[in-house]
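By convention in this document, chain letters (A, B, ...) are assigned in the order of the sequence lines, proteins followed by strands, and residues within each chain are numbered from 1. Heavy-atom basis, side chains included; hydrogens, waters and symmetry copies ignored.
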Amino acid sequence: MSAPAAALDWAQGVWDWAAANWYYPDEPGRGIRPRLIEHIRLSYASIAIGLLLAVPLGLACVRWKPLYPPLLTGVNVLYAVPSIALFFLLLPYTGFSDWTAIVPLAVYTLVILLPNVVDGLHQVPDHVRQAAVAMGFGPLRRLVRVETPVALPVIIAGLRVASVATISMVSVASLVGLGGLGRLILSDGFRRQFDAPIVVGVVLVVLLAFATDALLVLAQRLLTPWARRDRPRTGSVRRRRAAATAAADAPALASTAVAPPGKG
Amino acid sequence: MITFEGAAKHYPDGTVAVADLDLTVETGQTTVFVGPSGSGKTTSLRMINRMVEPTRGTVRIDGVDIRDRDPALLRRGIGYVIQQAGLFPHRTVLDNIATVPLLLGTPRRAARARAAELMELVGLDPAMGRRWPHQLSGGQQQRVGVARALAADPPVLLMDEPFSAVDPVVRTGLQDELLRLQQELRKTIVFVTHDIDEAVRLGDRIAVFRPGGELAQYDSPERLLTDPADDFVEGFVGHDRGVRRLSFFPARVLSLRDDVVFEDDLKVEDVRHIAAEHPWLLVVDTERSPVGWLSDRSLVDVPSGIRLSELDTVPFGHTFTVETDSLRAALDSAVLSPAGRAVGVDVDGRVLGVVTQDDLGAALWSVTE
């Protein structure tokens, strides 16, 4: 049998396995679909909690500058702790609940996002900040109404990096019996020397990461329409759109490259 | 009226930004703070809206010590225009302009309507209101900045080097616009610049600051150019201040001669006797618009019977308007004219007469004495 034919055959096998194991109506906890849903639940909850912590902490760090260095060092130390260790350390307190996965992952999101929030706020041009002061914005109102919206593109760029990293890291939580699609890879695939579940798990994780990133790009377009540098009257609509997409993607791609690879 | 009473700003590292400033800014006038960098002009400006708190002394607006006012509330009553405009990138042009009215609690619809009015006032098409600031040119952004500062109709307007980041042509346009606006609005304007020409152009009064934050001279532009207080001011206003000063004298004082002005349907022989005495004749059309100069020599070989309109003339250069221009414009026009003579016109562009360099010299001598 020729090589392409063998590859096709193998792919067919993986597909058949995925189709056969997608969902068991009689056993709602079994199959691929519940794992995918679990993966989404764990990663999205972690990202959301990380974001909810990063924004106020970042605002606080900008408002009270001495706070930033110790806080950044603190969360960086947490980031240095291997996630597996954190999962196991949390087990006695949170048991096999979602929190065992969510707490460490939310902290990792926070570590990636906090510098982005702070940098984003620092990146607000000085003349814009001074104009806001001179117009009669008080400190809090200025932060909420001017500086945070202007920092939003940088914050969302950080969120894109953090979300991809978190979605990938959820898999590791399969070691403590959580981990969504990670369980396909670890329990069904690795332990049983069976590659179909590994492939399905990896492909779905990657697809989920891509879909999430696309959602965030969409959110960025809706939330920061002003950040699109497509001037009217230049070039066709299609070319402008292409340019805008490229511009929107470029920073995230660049920061993905420098993001901590494969935290686990 | 804004008064600085011994206002000073010392920084903890010993730097003196402003040393003991006593100065009164008159209501309804444009007062320009001018000086090199590090002379404390911007720091002084920012004392007025409490963006900088003086370490010593007092600043009062209409007699009220501004330290008794809440900074944010005080600032909403004082317009502020910053270099590079400082527009909020995440708000449309219209909402940028509406910023202070919205802070003051004006309903959004009313604030936007007011913003649209202001766009027209500063010479912008209200259709631009829905754009983002980055879609505007530098000059347009600065106009939006001025509109934003005026939105709540504050009696006081602070302008911190507002036009220094735009190119010279746009800057002149913005200055003209400001002069026109001020004619109409009569705000108390404090304008900071490092450009003495801009100061002379815009200011009713000019405060010259020297490095170290000291006030070197506070005078009308005319006095500043005529009688600089010391070597620093003299050096700062520039050594061509004599010529620049001519801006303050009207061209009306000149005596124009119209005996060398001829309509172009005349024949050569009609003007020969004048050309014998004057080296240059000005040809105008029947509407008295200037056509060009004829030199006496160019007439020598021309046979009689030819009309002036059939002859080649030398371009007349640029004219000055007798009623509205200054002696400086007249002098400039004479210097640039190939005939060495300036053409004076009325507001409709009709030639009133010409002025020779000798006449100009006599006039300059008499007015500047």
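- The minimum heavy-atom distance linking A:Ala134 with B:Met51 is given by the pair CB-SD, 3.6 Å.
- Taking all atoms of both residues into account, the shortest heavy-atom contact from B:Ala72 to A:Gly138 is CB-N, 4.5 Å.
- Of all the listed residues (A:Val146, A:Asp126, A:Val124), the one sharing the greatest number of non-hydrogen pairs under 4.5 Å with chain B is A:Val146.
- Taking CE from A:Met135 and CZ from B:Phe88, the interatomic distance works out to 6.0 Å, rounded to the nearest 0.5 Å.
- In this structure the side chain of A:Gln130 never reaches within 4.5 angstrom of the side chain of B:Gln83, judged on heavy atoms.
- Contacts of B:Leu74 with chain A are absent, with no heavy-atom separation under 4.5 Å from either backbone or side chain.
- With a 4.5 Å cut-off on non-hydrogen atoms, B:Arg91 touches chain A through its side chain but not through its backbone.
- In this structure, CG in A:Leu223 is found 12.5 Å from NE2 in B:His90, a value given to the nearest 0.5 Å.
- Between B:Leu87 and A:Val128 the shortest heavy-atom distance is O-CG2, 3.4 Å.
- Atom-to-atom distance recorded for B:Ile82:CD1 and A:His127:NE2 is 7.5 Å, nearest 0.5 angstrom.
- Within 6.0 Å of atom CZ in B:Arg130, 12 or fewer heavy atoms from other residues, nucleotides or ligands are found, so the atom counts as exposed in its surroundings.
- Expressed to the nearest 0.5 Å, how far CD of B:Gln135 lies from CH2 of A:Trp226 amounts to 12.5 Å.
- Rounding to the nearest 0.5 Å places CZ of A:Arg145 at 9.5 Å from OG1 of B:Thr99.
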